[in-house]
Amino acid sequence: MPITLAPSILSADFARLGQQVREAAAAGAAYIHVDVMDGHFVPNLTMGPVVVRALRPIADELDLTLDVHLMIEQPERLLPAFAQAGADILTVHVETCPHLHRTVQQIRELGAKPGVTLNPATPLVTLEEIMPYVDQILVMSVNPGFGGQSYIPTSTEKIARLRRQLNARGLRHVDIEVDGGIKPDNVREVVEAGANIIVAGSAIFNAQASIAENIAAFRRAISRQ
Ligand code: DX5
Ligand code: ZN
């Protein structure tokens, strides 16, 4: 599967958001990952549909996929607003959805691609019944809420086990995304385990190097034999 980089704008400079998204796209990022936090499901509060709406024209111009990660309680209440704002992928947490199949159907009816995700301590068995209905499964490799945390090492084996389960069920087309603590020095291991969409925030938007340099470092690490 081709590997896609999904810079998380959580670590971007919000005063220069459009410019930073353009720089990421110019360096080869195909997705932009939008972290939505409600101050309830996770302790942090971030952005809502207005940010997705602001990014939509740039995404259209540069052929970017807006990948929206909803770390919010009762996501079904806000799905229409995010879909209308222009989200391409809407990912919900299994921990927030008692009627997950209905929620996934709702996302499809709204014209977006459904994704599901789970916290590090939530077992893969919670995905067993929903797997055939989703386009993307996001494996959280940190506890959601903040950028800049360290990768939880057991996530690699979880990704590998998920890829084996998808393959065994004939669901090879389902994307596995990984999110949290991914850097050039561990990206190779998650790709080898079976992840094909790579989220990175603090390793792409930081003061140490330019966005282009940071993305180039990821690309080198991924393609190294
Ligand atoms: C964590 C978010 C992540 C986060 C990743 O709750 O879902 O997308 O921004 O940031 P880094 O790459 O810095 O761990
Ligand atoms: Zn995220």
Side-chain angles (χ1 to χ4, degrees), residues 3-14 17 20-21 24 27 29-48 51-52 55 64-73 75 78 82 87-96 112-122 134-156 158-159 175-191 195-209 211 213-215 217-219 221-222:
I3 308 302
T4 300
L5 263 187
S8 162
I9 58 168
L10 186 60
S11 294
D13 176 354
F14 276 74
L17 184 57
Q20 295 217 325
V21 167
Y31 279 29
I32 294 296
H33 186 80
V34 180
D35 283 309
V36 178
M37 306 187 189
D38 67 353
H40 291 272
F41 176 61
V42 291
N44 200 3
L45 188 61
T46 59
M47 53 200 124
V51 174
V52 175
L55 292 177
L64 291 165
T65 295
L66 295 181
D67 173 37
V68 178
H69 176 193
L70 296 172
M71 288 160 274
I72 64 176
E73 287 175 2
L78 283 167
F82 279 102
D88 294 298
I89 303 170
L90 284 165
T91 295
V92 294
H93 272 262
V94 298
E95 298 88 356
T96 63
K113 289 185 171 183
V116 291
T117 182
L118 70 191
N119 286 336
T122 304
V134 299
D135 291 328
Q136 173 169 297
I137 296 174
L138 167 55
V139 175
M140 286 306 301
S141 45
V142 297
N143 290 292
F146 303 95
Q149 303 182 79
S150 297
Y151 181 78
I152 296 173
T154 46
S155 312
T156 307
K158 195 178 190 183
I159 293 165
D175 290 314
I176 298 182
E177 182 173 50
V178 59
D179 183 6
I182 307 296
K183 315 252 175 266
D185 65 9
N186 63 5
V187 68
R188 182 88 199 164
E189 108 177 37
V190 297
V191 166
N196 65 302
I197 313 280
I198 309 297
V199 178
S202 55
I204 288 181
F205 301 102
N206 58 45
Q208 281 77 57
I211 295 166
E213 286 164 343
N214 286 328
I215 289 181
F218 269 99
R219 290 159 77 88
I222 292 166

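Both counts, for ligands and for their atoms, begin at 1 and track the order of listing. Nothing here was measured: the structure is a model prediction, and the numbers come from that model. One is the number of the first residue; the rest follow in order along the sequence.
- Here the CG-CE distance, from N119 to M71, works out to 10.0 Å after rounding to the nearest 0.5 Å.
- Using a 4.5 Å heavy-atom cutoff, the side chains of P120 and V142 are not in contact.
- The ligand atoms of ligand 1 that sit less than 4.0 angstrom from a heavy atom of P144 are 6 (O).
- The closest protein non-hydrogen atom to atom 14 (O) of ligand 1 is G181 N, 2.8 Å.
- Put simply, the side chain of P43 reaches to within 4.5 Å of the side chain of F146, judged on heavy atoms.
- Residue F146 has at least one heavy-atom neighbour below 4.0 Å for each of these atoms of ligand 1: 1 (C), 6 (O).
- Expressed to the nearest 10°, the angle at the Zn ion (ligand 2) joining NE2 in H33 with OD1 in D35 is 90°.
- With contacts defined as side-chain heavy-atom distances shorter than 4.5 Å, the pair Q20/I9 does not qualify.
- Counting only heavy atoms of the protein, atom 13 (O) of ligand 1 lies nearest to S202 OG, 2.5 Å.
- For the Zn ion (ligand 2), the nearest N, O or S atom contributed by H69 is named ND1.
- Numbered from 1 in the order shown, with element, the atoms of ligand 1 that lie under 4.0 Å from a heavy atom of G180 read 14 (O).
- Residue-ligand proximity, A200 to ligand 1, at heavy-atom distances under 4.0 Å covers atoms 12 (O).
- Counted within 6.0 Å of NZ on K113, heavy atoms from surrounding residues, nucleotides or ligands total 12 or fewer; the atom is thus considered open.
- For atom 3 (C) of ligand 1, the closest non-hydrogen atom of the protein is D179 OD1, 2.8 Å.
- Within D179, the N, O or S atom at minimum distance from the Zn ion (ligand 2) carries the name OD2.
- The closest donor-acceptor contact from the side chain of N214 to the backbone of I211 lies at 3.5 Å or more, if one exists at all.
- Atoms of ligand 1 found under 4.0 Å from any heavy atom of M37, numbered from 1 in the order shown, are 6 (O).
- The closest approach between any non-hydrogen atom of A203 and ligand 1 is not below 4.0 Å.
- Counting only heavy atoms of the protein, atom 6 (O) of ligand 1 lies nearest to G145 N, 2.8 Å.
- Ligand 1 has M71 within reach: a non-hydrogen atom of the residue lies less than 4.0 Å from it.
- Atoms of ligand 1 found under 4.0 Å from any heavy atom of G147 (numbered from 1 in listed order, with element): 10 (O), 13 (O).
- Atoms of ligand 1 found under 4.0 Å from any heavy atom of H69 (numbered from 1 in listed order, with element): 7 (O).
- Of all protein heavy atoms, the one closest to atom 12 (O) of ligand 1 is G201 N, 2.8 Å.
- For ligand 1, the atoms closer than 4.0 angstrom to any heavy atom of H33 are 8 (O).
- Using modelled atom types and a 3.5 Å distance limit, the side chains of T65 and D88 yield no donor-acceptor pair.
- In this structure, CG on L70 lies 11.0 Å from CE on M37, to the nearest 0.5 angstrom.
- The side-chain heavy atoms of Y151 and V190, taken from C-beta on, include a pair separated by under 4.5 Å.
- Using modelled atom types and a 3.5 Å distance limit, the side chains of D67 and H69 yield no donor-acceptor pair.
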